[in-house]
Amino acid sequence: MSASIVISLEGLSTRVVYGAAKGGVLTVKDALVMPTAQLEEFLDREQASEFTVVNHFSEPFQDVISVPAVKKRLLRKIVELEVRKRAGLTDFSFIHTVIGTRSTDQGKKTDVYVFAVKNEETRAIIERFSSKGKTVKALYPDAFILSAAMAVPDEDVLCVSASGDKKVFSLIKDGTLQFTREVLSNSTELNAFDIQNLDMTVNYCRQSLRVLPSVVMFAGRLGQADAAASVRGAKSACFRPQVASIMAREALSDFTAPVLALKPQAAFDISPDAYRAEKLKTTLLKYSSIAFAAMAAFLLIMTYSALRDAGAAKQELQASLAALPDIDAVVTSHESRKAEFERYVPFINILNQGASAPDPAALLSAFPGLDTSRITFSLINITPSDGALKVRLEGSIRASSYSSTQSYFEKFAASFSRIKGSQIVEQRLLIKEKTFLMEVACR
């Protein structure tokens, strides 16, 4: 179980969680809170080099947009273009989640929730770590980490969480985050003012988004407040992640987001693409260097072992040769027989080469399987070449247009795949004259 350190940046305060995730089980070893201003001092003391970072982005661009239904590999590029057009952003990173696909008068449309932030903000976060020689493994927006865990099947959930001096409301419909809203709060606890903002958010969801949340889910300690019971028109619940820890369950109530981030969520990483590419390159270089060092050490050991064995074998050979009688006579006889045999080697090679070459008759018998319905041959020349047969074909194509000439020739060329071991070496089509030349190697 590999240990991880998650740092959650929440305004003026920062929460740190030491733990791991294995098989869906989260284990917390330690957790602490410190002022965000002391983050650099903490990084100087901490020996670990990699961190997962959770951040509350206060001014993201977020919207549900409809784009043409396309393949997955094209969808991200289209969403990026839409964000540039709607938000006026040029240098940004974003996360998108597919809500669903529907049919419209303009064809099939895919509804996508997009969450975008300026790279100026993401780079500033990463720079705080890289300036201390640390690596950010992943940068998660807190809303996505919480919404992924708080989704309830067949329910529209309004998630209520806290970040610094703010309360954050996130709408989760069909298991997908579709809206976030934050408001300033006059208390770290849940109070009547927060409930008032909660009611306003529910009304906005009903009137503008046409969604009425059926469950209000409070994160961590917020669900323990008396005010949580005063929610109107919806069920309320308190969410706490299932954690194995020596720490008291109550003590982890304020660490919900960083605890959930112990489990990798690659789809929610909003690090800039350039940073992720550079990080991947560094990782590959690191592991290739380790592999090279291990291989060098292995080769050094094998070389030493081979030299040692060769020395021992040489001594044994010399002892054996000294014990052989009339060795010179045996060597002389061997050399004489070898010279006599080498006189016949050229003839043997010619026979072997002829035996291994393909049979021209078998090759010609395969020609009816080619697509020659519009092909007229003027020359078929088969010659042996380096253990293979070289076939030269010339002819004309019976066609009424240039396009059909090209089509018939391509079908003819493609049909050579039916002859096992054949490979087109050269092909030329004189489309105006409707003639062609082709050379094929067959093994």
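Quick caveat, the model's predicted, so the values are computed rather than measured.
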Exercise. Under the side-chain contact (heavy atoms from CB on, under 4.5 Å) criterion, do Val64 and Lys173 qualify, and how do the steps go?
Worked result: CA-CA 12 Å; Val64 175; Lys173 179 176 173 57; over 6 Å; no
Problem set entry | side-chain contact (heavy atoms from CB on, under 4.5 Å) evaluation trace for Ile195 with Leu198 | CA-CA 5 Å; Ile195 295 298; Leu198 170 61; 4.1 Å; yes
Exercise. Checking side chain to side chain donor-acceptor pair (under 3.5 Å) for the pair Ser187/Glu189: CA distance, chi angles, key distance, verdict?
Worked result: CA-CA 5 Å; Ser187 172; Glu189 305 293 331; over 6 Å; no
For this session: Take Glu40 and Lys132 through the test salt bridge (Lys or Arg N to Asp or Glu O under 4.0 Å) and record every step on the way to the result.
Result: CA-CA 7 Å; Glu40 283 73 14; Lys132 299 298 180 180; over 6 Å; no
For this session: Quick one: do Gln178 and Leu209 satisfy side-chain contact (heavy atoms from CB on, under 4.5 Å)? Show the steps, please.
Result: CA-CA 9 Å; Gln178 297 192 15; Leu209 305 180; over 6 Å; no
For this session: List the steps, then state whether side-chain contact (heavy atoms from CB on, under 4.5 Å) holds for Val202 with Phe169.
Result: CA-CA 9 Å; Val202 170; Phe169 305 97; over 6 Å; no
For this session: Please lay out, stage by stage, how Thr176 and Asp174 fare under the test side chain to side chain donor-acceptor pair (under 3.5 Å).
Result: CA-CA 6 Å; Thr176 303; Asp174 298 327; over 6 Å; no
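In this model, a donor atom of one side chain and an acceptor atom of the other lie less than 3.5 Å apart for Glu155 and Ser214. Between the side chains of Lys167 and Ser185, at least one donor-acceptor pair of N or O atoms lies under 3.5 Å.
Applying the 6.0 Å contact sphere to CD of Glu426 captures more than 12 heavy atoms from other residues, nucleotides or ligands. Counted within 6.0 Å of CD on Gln406, heavy atoms from surrounding residues, nucleotides or ligands total more than 12; the atom is thus considered enclosed. By the 6.0 Å contact criterion, CG on Leu379 is enclosed, its count of non-hydrogen atoms from other residues, nucleotides or ligands being greater than 12. At most 12 non-hydrogen atoms from other residues, nucleotides or ligands lie less than 6.0 angstrom from CD of Glu59. Summarising the local packing, CZ of Arg418 is surrounded by more than 12 heavy atoms from other residues, nucleotides or ligands at distances under 6.0 Å. Residue Lys434 places its NZ atom among more than 12 non-hydrogen atoms of other residues, nucleotides or ligands, all under 6.0 Å distant. Within 6.0 Å of CE in Met200 there are 12 or fewer heavy atoms belonging to other residues, nucleotides or ligands.
Annotation: the span from Ser404 atom OG to Ile431 atom CD1 amounts to 8.5 Å, rounded to 0.5 Å. Between the CZ atom of Arg428 and the OG1 atom of Thr435 there is a distance of 10.0 Å, given to the nearest 0.5 Å. In this structure, SG in Cys159 is found 5.0 Å from CG in Leu146, a value given to the nearest 0.5 Å. Distance check, rounded to the nearest 0.5 Å: CD of Glu278 to OG of Ser271 gives 13.5 Å. Rounded to the nearest 0.5 Å, atoms CG (Leu9) and OG1 (Thr14) are 4.5 Å apart.
Residues Asp199 and Gln196 fail the side-chain proximity criterion, which asks for heavy atoms closer than 4.5 Å. At a threshold of 4.5 Å between non-hydrogen side-chain atoms, the residues Met34 and Glu41 do not count as touching. Proximity of Ser170 to Leu177: side-chain heavy atoms (C-beta onward) are separated by under 4.5 Å at one or more points. Side chains of Pro141 and Pro60 form no contact here, defined as non-hydrogen atoms less than 4.5 Å apart. Side-chain atoms of Thr180 and Tyr113, non-hydrogen and from C-beta on, do get closer than 4.5 Å to each other. Contact annotation: the side chain of Asp269 approaches that of Leu139 to within less than 4.5 Å [non-hydrogen atoms, C-beta and beyond]. Side-chain contact between Pro264 and Lys137 is absent, with no heavy atoms from C-beta onward closer than 4.5 Å. Considering only heavy atoms from C-beta on, Tyr275 comes within 4.5 Å of Val136 through its side chain.
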Donor-acceptor list for residues 84-99 side chains, cut-off 3.5 Å, not counting sequence neighbours:
from  : atom 1 : to     : atom 2 : distance (Å)
Arg84 : NH1    : Thr90  : O      : 2.7
Arg84 : NH2    : Glu80  : OE2    : 2.9
Lys85 : NZ     : Glu82  : OE2    : 3.3
Arg86 : NE     : Glu82  : OE1    : 3.1
Arg86 : NH1    : Asp63  : OD2    : 3.4
Asp91 : OD1    : Asn119 : ND2    : 2.7
Asp91 : OD2    : Arg123 : NH1    : 3.3
Asp91 : OD2    : Arg123 : NH2    : 2.4
Ser93 : OG     : Asn119 : OD1    : 2.5

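In summary, Lys134 and Glu46 do not engage in a salt bridge, as defined by a charged side-chain N under 4.0 Å from a carboxylate O.
Residues that satisfy the side-chain contact (heavy atoms from CB on, under 4.5 Å) test with Asn203, not counting sequence neighbours, are Arg206, Gln207. Under the rule for a side-chain contact (heavy atoms from CB on, under 4.5 Å), the partners of Ala149 that lie at least two apart in sequence or sit in another chain are Phe239, Leu260. Partners of Asp154 by salt bridge (Lys or Arg N to Asp or Glu O under 4.0 Å), not counting sequence neighbours: none found. Considering only residues two or more places apart in sequence or on other chains, Ala69 meets the side-chain contact (heavy atoms from CB on, under 4.5 Å) condition with Thr101, Lys108, Thr110. The side-chain contact (heavy atoms from CB on, under 4.5 Å) check on Ile301 picks up nothing, with sequence neighbours excluded. Partners of Lys411 by salt bridge (Lys or Arg N to Asp or Glu O under 4.0 Å), not counting sequence neighbours: none found.
In this structure, the side chain of Arg15 engages the main chain of Asp254 through a donor-acceptor pair within 3.5 Å. Remark: side-chain polar atoms of Thr52 are not paired, donor with acceptor, to backbone N or O of Val6 under 3.5 angstrom. Here the side chain of Ser130 pairs no donor or acceptor atom with the backbone of Gly133 at under 3.5 angstrom. A donor-acceptor distance shorter than 3.5 angstrom exists from the side chain of Ser131 to the backbone of Glu127, with no hydrogens or angles considered. Counting only distance, with no hydrogens or angles, the side chain of Ser163 and the backbone of Lys166 share no donor-acceptor pair below 3.5 Å.
For residues 198-230, the set of pairs meeting the ring pair (Phe, Tyr, Trp, His ring centres under 6.0 Å) definition, not counting sequence neighbours, comprises Phe179-Tyr204. Here salt bridge (charged side-chain N to carboxylate O under 4.0 Å, His left out) pairs that include residues 389-410, with residues two or more places apart or in two chains, are Lys390-Glu439, Arg392-Glu394, Arg392-Glu439. Counting only residues at least two apart or in different chains, ring pair (Phe, Tyr, Trp, His ring centres under 6.0 Å) contacts with residues 119-147 comprise Phe51-Phe129, Phe115-Phe144, Phe144-Phe268. Residue pairs meeting the ring pair (Phe, Tyr, Trp, His ring centres under 6.0 Å) criterion with at least one member in residues 377-409, sequence neighbours excluded, are Phe377-Phe412, Phe409-Phe436. The list of ring pair (Phe, Tyr, Trp, His ring centres under 6.0 Å) pairs with a residue in residues 27-46, not counting sequence neighbours, is empty.
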